[in-house]
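One structure is given below, encoded as structure tokens.
FYI, side chains are in, hydrogens and waters are out, and symmetry mates aren't considered; it's all heavy atoms of this structure.
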Amino acid sequence: FWALCRLLTKVTTYEEVQQLSARGDAKNVDLHVGDIYGYDETAPGYNKLGLSPDIIASSLGKVAIQEEIPELRCEDIVRSLMFMIANNISQVAYLIAQLHNVERIIFSGGFLADNMYLLSRFSHALNFWSAGKSQALFLRHDGYLGALGAMLYKKHKTKTQPVTVIHT
């Protein structure tokens with residue numbers, strides 16, 4: 001995600017990405033079902049498709065169908081990329097959860113840090129893919145999960161000494 005943002009927008013910090021995403025409107029660059037079939041939900045095709053005209057058909061799709069690439073706003077590109085990545089991660093997480101019969105999925109990591117838009121996108125996407133059967137959960141203080149995983153891995157590998165966690 002970060003590399004795509006840098007390539008497409010020339011931003012230099014992740015803070016800039018978050019600021020841009022807050023101002024962006026992905027509708028300016030994403031192709032929606034309504035852009036293809038029209039925005040009249042009473043049209044016969046919508047009943048057959050079972051889709052809303054507001055559902056994204058293709059992230060950055062409006063850019064792809066133009067003969068000439070229009071002038072694009074960096075914030076719109078970043079917002080679209082965030083949605084695309086969040087949607088993809090949510091779908092894969094849902095499919096893996098289905099394989100293991102899990103309904104609650106925990107998301108964590110720097111990509112989500114302090115970004116309410118992303119948290120809502122993950123929740124919305126997971127709700128969509130699971131038809132409301134799965135729940136997205138997010139950790140507030142996930143900065144030490146890697147260390148915790150390493151500690152548990154070491155404990156599992158050695159199985160000789162108990163591991164003590166010291167909080168300071």
Of the non-hydrogen atoms in Ala97 and Ile105, which two are nearest, and what is the gap between them? CB-CD1, 3.6 Å
Are any side-chain N or O atoms of Asp35 and backbone N or O atoms of His32, one a donor and one an acceptor, separated by less than 3.5 Å? yes
Would you confirm whether Ser123, through its side chain, and Ser120, through its main-chain N or O, come within 3.5 Å as a donor-acceptor pair? no
Would a single hydrophobic cluster contain both Trp2 and Leu7, if residues Ile, Leu, Val, Met, Phe, Trp and Tyr are joined by side-chain heavy-atom contacts under 4.5 Å? no
Is Val92 isolated, or which residues cluster with it under the ILVMFWY side-chain rule of less than 4.5 Å, directly or via members? Ile96
Check whether Ile36 and Ile65 end up in the same hydrophobic cluster, where Ile, Leu, Val, Met, Phe, Trp and Tyr are linked by side-chain heavy atoms less than 4.5 Å apart. yes
Side chains of Met82 and Val17: does their closest heavy-atom pair fall under 4.5 Å? yes
Taking all atoms of both residues into account, what is the closest heavy-atom pair of Leu118 and Ala86, and its distance? CD2-CB, 4.0 Å
Restricting to non-hydrogen atoms, name the atom on Val11 and the atom on Cys5 that form the minimum distance, rounded to 0.1 Å. CG2-O, 4.1 Å
Joint cluster assignment, Leu99 & Leu126, ILVMFWY side-chain distance < 4.5 Å: no
Is any side-chain heavy atom of His124 less than 4.5 Å from a side-chain heavy atom of Arg121? yes
Less than 4.5 Å apart, any side-chain heavy atom of Thr9 and any of Glu16? no
Taken to the nearest 0.5 Å, the spacing of Arg6 CZ from Thr13 OG1 works out to 9.5 Å
Where do Ser134 and Val102 come nearest, in terms of heavy atoms and distance? OG-O, 4.4 Å
Once salt bridge (charged side-chain N to carboxylate O under 4.0 Å, His left out) is applied, do any residues pair with Arg73, and if so which ones, sequence neighbours excluded? Glu75, Asp76
Would Tyr94 and Gln98 satisfy side chain to side chain contact (heavy atoms under 4.5 Å, CB included), going step by step from the backbone distance to the final call? CA-CA 6 Å; Tyr94 168 69; Gln98 289 298 287; 3.4 Å; yes
Any donor-acceptor N/O pair, Lys27 side chain to Asp54 backbone, under 3.5 Å: no
So OH of Tyr14 and CG of Asn115: to nearest 0.5 Å the spacing works out to 6.0 Å
Excluding sequence neighbours, so at least two apart, what forms ring pair (Phe, Tyr, Trp, His ring centres under 6.0 Å) with Phe107? Phe122, Phe138
Separation of Gln135 CD from Asn127 CG (nearest 0.5 Å): 10.0 Å
Atom pair CG/CG of Leu8 and Leu72 - distance to nearest 0.5 Å: 9.5 Å
I need the minimum non-hydrogen distance between Leu81 and Leu60, along with the two atoms involved. CD2-CD1, 4.1 Å
For the residue pair Asp30 and Ser59, what are the closest heavy atoms and their distance? OD1-CA, 3.4 Å
Glu103 atom CD, over 12 foreign heavy atoms within 6.0 Å: no
Roughly how far apart are Gln91 CD and Phe128 CZ, rounded to 0.5 Å? 9.0 Å
Assigning hydrophobic clusters by single linkage (Ile, Leu, Val, Met, Phe, Trp, Tyr; side-chain heavy-atom cutoff under 4.5 Å), is Leu95 placed with Trp129? yes
Got a sec: does the CD1 of Ile69 have more than 12 other heavy atoms crowding it under 6.0 Å? no
